[in-house]
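Here's the structure we're looking at; comments come further down.
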Amino acid sequence: MRSLFPVTDLTTTAPGPSPLTDREWTLDELADAYAYPAAGGPWLRANMVSTLDGAAQHDGRSQGISCASDMRIFGTLRALADVVIAGAETVRLEGYRPARAREAFAARRAAAGQGPAPAVAVVSGSLDLDFSLPLFTEPLVPTLVVTGAGAPPERIAAARAAGADVVIAGEGGRVDPARAVRELADRGLTRLLTEGGPRLLGQFVAAGVLDELCLTLSPTLTAGDAQRIAGGPGVPLPERFSLVSLLEEAGFLFTRYRRTDT
């Protein structure tokens with residue numbers, strides 16, 4: 001892996017290999033590169049992968065268009081987050097399990113006042129979830145379910161009986177993305193990471209609450225009719241993001257963009 005942007009990093013005189021050197025980065029280097037901003041407010045980051053022709057999945061899953069380095073970055077982003085947010089469909093398709101504690105990040109998380117692993121927050125209006133899965137029965141920290149006030153009462157009761165923390169973030173059967181961010185931040189979960197799916201990411205984009213996008217561009221073509229990284233209703237005007245960093249390995253581009261007004 002090598003750093004292509006920002007250019008100023010490429011002229012460093014610090015000892016050790018240059019960022020231009022094509023080598024495997026340590027987890028500490030990745031964690032430094034993807035550190036959350038120091039500001040205390042909530043920061044919502046998305047992590048997604050896309051093929052050259054815009055597909056966010058192959059055969060319904062993202063694994064087929066990913067690579068080992070993409071998964072190392074995936075793990076690093078999780079290790080830096082307070083909470084990982086995912087839509088119910090993504091949880092089902094990707095077979096989500098609880099986030100695990102990783103010794104390599106233990107000291108960093110302790111210094112930041114974080115627990116041993118991030119919580120997982122599942123967004124679902126209907127709460128059509130299997131609460132017997134390890135995500136709910138075996139987490140290091142309780143899994144959260146984010147839903148609307150109109151969710152079926154029996155499903156809310158089932159979630160709580162399974163040990164989940166129910167977060168009401170909307171009226172009726174819908175979740176308000178901006179309110180979801182606020183409710184999680186009110187629980188001290190300010191370093192937020194969403195891994196999709198595309199419908200959930202589209203809702204965050206439409207609500208104007210996405211601060212940062214970490215997008216892996218996979219050097220693959222799939223054709224077909226796979227979803228893009230963000231779906232749902234469009235925004236009135238495209239929202240501008242600025243490139244923060246760009247890494248490359250074996251043709252994969254690991255980009256990081258921030259909303260221009262942040």
Side-chain angles (χ1 to χ4, degrees), residues 1-6 19-20 22-25 27 30 33-34 44-81 84-97 99 120 122-123 177 192-207 209-235 237-260:
M1 182 178 291
R2 56 194 178 122
S3 174
L4 301 182
F5 183 82
L20 270 175
D22 194 358
R23 60 184 174 86
E24 183 173 290
W25 285 31
L27 292 178
L30 287 175
Y34 285 94
L44 178 61
R45 163 186 283 169
N47 181 33
M48 300 292 283
V49 59
S50 170
T51 64
L52 295 176
D53 52 342
Q57 304 161 339
H58 181 62
D59 286 340
R61 301 186 65 184
S62 59
Q63 184 176 357
I65 59 174
S66 182
C67 68
S69 289
D70 184 42
M71 295 309 298
R72 291 184 83 231
I73 292 174
F74 171 92
T76 300
L77 295 181
R78 277 197 161 203
L80 296 174
V84 177
I85 310 170
E89 186 65 14
T90 295
V91 166
R92 287 188 286 264
L93 289 174
E94 301 282 355
Y96 263 51
R97 297 184 62 85
V120 175
V122 184
V123 179
L192 303 108
L193 171 67
T194 179
E195 298 169 351
R199 181 181 175 190
L200 179 61
L201 179 54
Q203 292 171 352
F204 283 130
V205 171
V209 294
L210 183 70
D211 297 297
E212 182 176 312
L213 173 64
C214 297
L215 176 64
T216 296
L217 187 61
S218 171
T220 55
L221 294 166
T222 63
D225 56 0
Q227 290 180 293
R228 297 161 48 193
I229 66 166
V235 296
L237 292 172
E239 191 169 12
R240 186 66 181 265
F241 279 63
S242 299
L243 182 65
V244 176
S245 66
L246 176 62
L247 307 177
E248 185 273 339
E249 182 178 274
F252 283 82
L253 296 177
F254 307 98
T255 73
R256 186 158 60 105
Y257 289 88
R258 287 184 180 173
R259 197 171 62 223
T260 301

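- In terms of modelled atom types and a separation under 3.5 Å, the side chain of E94 and the main chain of S62 share a donor-acceptor contact.
- Residues T260 and S242 share a closest heavy-atom pair of OG1-OG, 3.3 Å.
- Of the options E24, E248, E249, a side-chain hydrogen bond (donor to acceptor under 3.5 Å, both in side chains) to S69 is made by E249 and by none of the others.
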* To do: Would you sort out whether R256 and I73 count as a side-chain contact (heavy atoms from CB on, under 4.5 Å), showing the intermediate values?
  => CA-CA 11 Å; R256 186 158 60 105; I73 292 174; over 6 Å; no
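- Here the side chain of D53 pairs no donor or acceptor atom with the backbone of L221 at under 3.5 angstrom.
- Contact detail for A55 and T222: the closest heavy-atom pair is CB-OG1, 3.3 Å.
- Expressed to the nearest 0.5 Å, how far CZ of F5 lies from CG of L243 amounts to 5.0 Å.
- The CG atom of L253 sits 8.5 Å away from the CG atom of L52 when rounded to the nearest 0.5 Å.
- Listed by chain and residue number, D70 satisfy the side-chain hydrogen bond (donor to acceptor under 3.5 Å, both in side chains) test with T216 (two or more places apart in sequence, or in another chain).
- D211 pairs with exactly one of R45, R259, R258 by the salt bridge (Lys or Arg N to Asp or Glu O under 4.0 Å) rule, that one being R259.
- Under a cutoff of 6.0 Å and an axis angle of 45°, R78 and Y96 form a cation-pi pair.
- Residues W25 and L247 approach most closely at CH2-CD2, 3.6 Å, considering heavy atoms.
- The side-chain hydrogen bond (donor to acceptor under 3.5 Å, both in side chains) search around R97 returns none, not counting sequence neighbours.
- Rounded to the nearest 0.5 angstrom, S218 OG and F254 CZ are separated by 9.0 Å.
- Taking CG of L192 as the reference point, atom CG of L44 lies at 5.5 Å (rounded to 0.5 Å).
- Taking CD from Q57 and CE from M48, the interatomic distance works out to 7.5 Å, rounded to the nearest 0.5 Å.
- Not a single donor-acceptor pair under 3.5 Å links the side chain of Q227 to the backbone N or O of A230.
- The nearest pair of heavy atoms linking A46 to L201 is CB-CD1, 3.7 Å.
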* To do: Take E195 and V84, measure what side-chain contact (heavy atoms from CB on, under 4.5 Å) needs, and give me the verdict at the end.
  => CA-CA 7 Å; E195 298 169 351; V84 177; 3.5 Å; yes
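- Summarising the geometry of E239 relative to V205, their closest heavy-atom pair is OE1-O, 4.2 Å, with the distance given to 0.1 Å.
- Between T194 atom OG1 and L200 atom CG the span is 4.5 Å, to the nearest 0.5 Å.
- L213 pairs with exactly one of V244, I229, N47 by the side-chain contact (heavy atoms from CB on, under 4.5 Å) rule, that one being I229.
- Taking both residues in full, the closest heavy atoms of A99 and V120 are given as N-CG2, 4.1 Å, listed atom of the first, atom of the second, then distance.
- Looking at T220, its side chain never comes within 3.5 Å of a backbone N or O of T51 through a donor-acceptor pair.
- Other residues, nucleotides and ligands contribute more than 12 heavy atoms inside 6.0 Å of the CZ atom of R72.
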